K.L.:
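Have a look at this one.
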Amino acid sequence: MTATETRPGSEEEFAPPRRVRDLDWRRLLRLGGVAAFVQMFISLTAMPVRLDERSVIESVLSLGFVFIGAIPIVAGNRLSRQVKLEGVAVHRAGRYELVGGALVGTLAGAGLSLLVMLITHFDLREPLVNWSPQLRDLLSFNRGPVFGTLIWLGIGAAGGLIGGGLRLLGARWRRTLLMMATTVVLASILEQLVVDLVSGVGLEPVAEWFYARRGGLTQAGAGVTAAIAGVTTFFGRGRMKAARERIKTLDGPARTRANAGMILLTAAILIVVPLLVGSLTNELLANVGLFVLLALGLNIVVGLAGILDLGYVAFFAVGSYTAAVLTAATSPRINPEFPWFVALIFVVVITGLVGLFIGAPVIRMRGDYLAIVTLGFGEIIRLLFLSDWLSGWFGGSQGITAIGGVEIFGLTTIDGTNPRNIFYLVLVFCAIAIYVSWRLERSRLGRAWMAVREDETVAEAMGINTVNVKLLAFVVGAILGSFSGAIFANKVGSVFPSSFLILVSMVILVVVIFGGMGSIVGVIAGAALLIGVLGGPKQPGLLQEFSEFKLLIYGALLVWMMLARPEGLIPSARRSRELHQEEFLQDAWLRGEVESDDDNGDGGDAGTAPPGEART
């Protein structure tokens, strides 16, 4: 029998509260040590110093302190989690959670206290470039090292106490408080988008009241934001949950109408919002759309077919260079100056052939070997465009410049000078990619891809031509990626080999994993959150202060998602069942919902089969 973690208060039956003397000291020391190390590591990346310039609440809280101040709360909350065994009641929350949370928070705060003292008495700037007086002054609140040492012990203890104390609250109140805090932070992060949107409808005084001139929410604005979020969560969650349940119970034409209504509402919002915001926000939306298009293509390869492609940027580059060569008058050797939509036909054909060329020799490989080879091909394509050997065709390191815009029936020209029109063009191709992905996922080919993803050997034994199926995944993913490349070339007006670093492939892969492999909605949400907030490899996001920490945060998110939620932010139902199949079977076996061999008349020993081998 295995154990799964649940939150106290989620079950109907409870055991008496745990006693303080029963504290798991080994777990407490481990959590406190990890939290202290994480706080020290974040501080030495200079993240608190850089993000201290970005206010969350004016004159009260900065984003830098949010990052390090939240860690003791998480540690205290984590310590109080109980392991739920089948048939065993959880303990009620009590003093155990409060005392344990305060102790683990104090240990976490001790890490920053130690760092303040070390920076004061030792100079380690040679190996640690961020070991600086500025960091010491920030952590000590400009009041000296003794004050800094004591204050972080107090902050840590208070944070851990809050984290443990959340366990004493009911699930409804706990969700409400967490939503209030999260909404305040998100409102400050989305300041540019909110101000643009509010100003676009003539409500500038409202934006000025909510947001301070130097950035961040005003204290009154933060209070109102938290209150609105709290009331909405406390009283509206039941209605929202009931609405979701009603939609799930719909079937046939009713379900189709409900889905169509949601799609039309989303489309209307995406069409109207760009009309209300400024050019900076439209530029941001266009960048997010390009990465959504790339992620939808990679989702076919990785999410549906299970092929770990680390060189996906190659198709992005081929699409960009093909469009540039066929539309730009400055192309070195071939410059037919085709209209963009005519060039797009060649882009699809050429990128499909490149997908076949890359996929054919490596498609029989599996796992890590396939990933390494695709990584190599992605870098080879970039180096070919950069090489002097092909500079007469593609311009080498000088690239191709002065690429014209996209003419729409001679009525208008879409180029980088009008981000709104670029976004609408991207939106059209995203809609095409979403429809193609949705249809393929539910087709015979899509089921073959998912069979290969689950177990390639079994899929081959069932009669699926795995080589052809995987090649088709490569080609379809390549074509969708080439759409983004073709739009990118005309949006920027130039293409250079430096725009197609292998880092782009890694970022797109993180987007797919974070959003949910195999989930169209998840991939879109992942791109909106990561690219919209943090930005792409060279594209700014809403938080430009994160520009030098993007790779660190991408890596941390990837590791956390793989450990804590491998199915992604918004997973597909099928993918969730695959990842948690053993847990589902085991829970059913423990509840007696699995038939034994005796029940089937086989004469076996009932109840002795391992859970993983049980049949439902």
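Computed from heavy atoms alone, side chains included, the values below leave out hydrogens, waters and symmetry copies. The structure displayed is predicted, hence computed values, not measured ones.
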K.L.:
Is Arg172 close enough and on-axis enough to Phe234, meaning under 6.0 Å and within 45°, for cation-pi?
P.N.:
yes
K.L.:
Is there a donor-acceptor pair under 3.5 Å between the side chain of Tyr424 and the backbone N or O of Ile271?
P.N.:
yes
K.L.:
Within the 4.5 Å heavy-atom criterion, are Ile487 and Leu293 side-chain neighbours or not?
P.N.:
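Ile487 reaches Leu293 side chain to side chain.
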K.L.:
Is it the case that the side chain of Arg453 and the backbone of Ala305 share a donor-acceptor pair, with hydrogens and angles ignored and the cut-off at 3.5 Å?
P.N.:
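Checking the backbone N and O of Ala305 against the side chain of Arg453, no donor-acceptor pair under 3.5 Å is found.
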K.L.:
Can you tell me how far the CZ atom of Phe488 sits from the CG atom of Leu294, to the nearest 0.5 Å?
P.N.:
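Output value for this atom pair is 10.0 Å.
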K.L.:
Would you mind reporting whether Val436 and Leu296 have side-chain heavy atoms less than 4.5 Å apart?
P.N.:
no
K.L.:
Taking NZ, NE, NH1 and NH2 as the nitrogens, is one of them in Glu283 or Arg420 under 4.0 Å from a carboxylate oxygen of the other?
P.N.:
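Arg420 and Glu283: not salt-bridged.
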K.L.:
Here's a test for you: under side chain to side chain contact (heavy atoms under 4.5 Å, CB included), which of Ile513, Leu509, Leu310 qualifies with Val302?
P.N.:
Leu509
K.L.:
Sub-3.5 Å donor-acceptor pair from the side chain of Asp52 to the main-chain atoms of Gly64, do we have one?
P.N.:
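Not confirmed, Asp52 side chain does not pair with Gly64 backbone.
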K.L.:
Provide the closest heavy-atom pair for Ala527 versus Val511 in the form atom of the first, atom of the second, distance.
P.N.:
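Nearest pair, atom of Ala527 first, then Val511: N-CG1, 3.4 Å.
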K.L.:
Would you say the side chain of Gln219 lies within less than 4.5 Å of the side chain of Val60, judging by non-hydrogen atoms?
P.N.:
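Yes. Closest side-chain heavy atoms under 4.5 Å.
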K.L.:
Go through it in stages, so that I can follow the logic: the residues are Val523 and Ile570, the test is side-chain contact (heavy atoms from CB on, under 4.5 Å), and I'd like the CA-CA distance, side-chain angles, deciding distance and then a yes or no.
P.N.:
CA-CA 8 Å; Val523 166; Ile570 306 177; over 6 Å; no
K.L.:
Are Phe316 and Phe500 close enough that their ring centers fall under 6.0 Å?
P.N.:
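Phe316 vs Phe500: aromatic centres under 6.0 Å.
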K.L.:
When you look at CZ of Arg213, are more than 12 heavy atoms from neighbouring residues, nucleotides or ligands closer to it than 6.0 Å?
P.N.:
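Counting neighbours around CZ of Arg213, 12 or fewer heavy atoms of other residues, nucleotides or ligands fall under 6.0 Å, so no.
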K.L.:
Specify the closest pair of heavy atoms between Val288 and Ala528, including all atoms of both residues, with the distance to one decimal.
P.N.:
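So the minimum-distance heavy-atom pair works out to CG1-CA, 3.9 Å.
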K.L.:
Would you compute the distance between atom CD1 of Ile300 and atom OH of Tyr312 and round it to the nearest 0.5 angstrom?
P.N.:
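The OH atom of Tyr312 is 8.5 Å from CD1 of Ile300, to the nearest 0.5 Å.
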K.L.:
Check whether any side-chain heavy atom of Val507 lies under 4.5 Å from a side-chain heavy atom of Lys550, and answer yes or no.
P.N.:
no
K.L.:
Can you measure from CG (Asp196) to OG1 (Thr281) and round to the nearest 0.5 angstrom?
P.N.:
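Asp196 CG to Thr281 OG1: 3.5 Å, rounded to 0.5 Å.
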K.L.:
Below 4.5 Å, heavy atoms only, C-beta onward: do Leu503 and Lys538 meet side chain to side chain?
P.N.:
no
K.L.:
Given 3.5 Å as the limit, does a donor-acceptor pair link the side chain of Arg382 with the main chain of Ala314, or not?
P.N.:
no
K.L.:
Could Arg214 and Glu58 be called an ion pair, given the rule that one side-chain N must be under 4.0 Å from one carboxylate O?
P.N.:
no
K.L.:
Is Ile358 close to Phe315 at the side-chain level, that is, under 4.5 Å between some pair of heavy atoms?
P.N.:
yes
K.L.:
With side chain to side chain contact (heavy atoms under 4.5 Å, CB included) as the test, pick out the partner of Phe429 among Leu344, Leu480, Val292.
P.N.:
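Among Leu344, Leu480, Val292, the one meeting side chain to side chain contact (heavy atoms under 4.5 Å, CB included) with Phe429 is Leu344.
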K.L.:
Mark yes or no for whether Ser62, through its side chain, and Glu53, through its backbone, hold a donor-acceptor pair below 3.5 Å.
P.N.:
no
K.L.:
Using a 6.0 Å cut-off, check whether atom CZ of Arg439 has over 12 heavy atoms from anything other than its own residue.
P.N.:
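Incorrect, the count does not exceed 12.
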K.L.:
Any sub-3.5 Å donor-acceptor pair from Thr322's side-chain atoms to Val347's backbone N or O?
P.N.:
no
K.L.:
Mind checking the CG-CZ spacing from Asn418 to Phe423? Nearest 0.5 Å is all I need.
P.N.:
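Taking CG in Asn418 and CZ in Phe423, the distance rounds to 13.0 Å.
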K.L.:
Say whether, by atom type as modelled, one donor and one acceptor occur between the side chain of Arg54 and the main chain of Ile189 under 3.5 angstrom.
P.N.:
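It does hold such a pair.
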K.L.:
Pair Ile553, Leu534 - check side-chain contact (heavy atoms from CB on, under 4.5 Å), show working.
P.N.:
CA-CA 9 Å; Ile553 297 173; Leu534 298 178; 3.7 Å; yes
K.L.:
If you take all heavy atoms of Ile422 and Ala286, which pair is closest and at what distance?
P.N.:
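Closest approach of Ile422 to Ala286, heavy atoms only: CG2-CB, 3.8 Å.
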K.L.:
Whether the side chain of Asn490 engages the backbone of Gly404 through a donor-acceptor N/O pair (distance < 3.5 Å, no angle test) should be reported.
P.N.:
yes
K.L.:
Could you walk me through whether Ile531 and Gln539 pass the side-chain contact (heavy atoms from CB on, under 4.5 Å) test, one step at a time?
P.N.:
CA-CA 8 Å; Ile531 306 303; Gln539 296 80 13; 5.6 Å; no
K.L.:
Taking all atoms of both residues into account, what is the closest heavy-atom pair of Ala187 and Tyr211, and its distance?
P.N.:
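Smallest heavy-atom distance, with atoms named: O-OH, 2.7 Å.
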K.L.:
First locate atom CH2 of Trp449, then atom CG of Leu472, and finally report the distance between them rounded to the nearest 0.5 Å.
P.N.:
6.5 Å
K.L.:
Could you check whether any side-chain heavy atom of Leu569 comes within less than 4.5 Å of a side-chain heavy atom of Leu529, counting everything from C-beta outward?
P.N.:
yes
K.L.:
Look only at the side chain of Asn335 and the backbone of Thr330, and say whether a donor-acceptor pair between them is shorter than 3.5 Å.
P.N.:
no
K.L.:
Search all heavy atoms of Ile508 against all heavy atoms of Ala295 and return the closest pair with its distance.
P.N.:
CG2-CA, 3.8 Å
K.L.:
Do Ile400 and Phe496 touch side chain to side chain, with heavy atoms closer than 4.5 Å?
P.N.:
no
K.L.:
Working to the nearest 0.5 angstrom, can you tell me the gap between Glu567 CD and Met561 CE?
P.N.:
7.0 Å
K.L.:
Looking at Met179, is its backbone amide N or carbonyl O close enough to the side chain of Thr182 to form a donor-acceptor pair, meaning the two atoms are under 3.5 Å apart?
P.N.:
no
K.L.:
Minimum heavy-atom separation for Asp309 and Gly311, please, with both atom names.
P.N.:
OD1-N, 2.9 Å
K.L.:
Tell me whether the centres of the aromatic rings in Phe338 and Phe346 are closer together than 6.0 Å.
P.N.:
yes
K.L.:
With side-chain contact (heavy atoms from CB on, under 4.5 Å) as the criterion, how do Glu441 and Ile520 come out once you've worked through the C-alpha distance, each side chain's angles and the decisive distance to 0.1 Å?
P.N.:
CA-CA 10 Å; Glu441 183 180 354; Ile520 296 174; 4.1 Å; yes
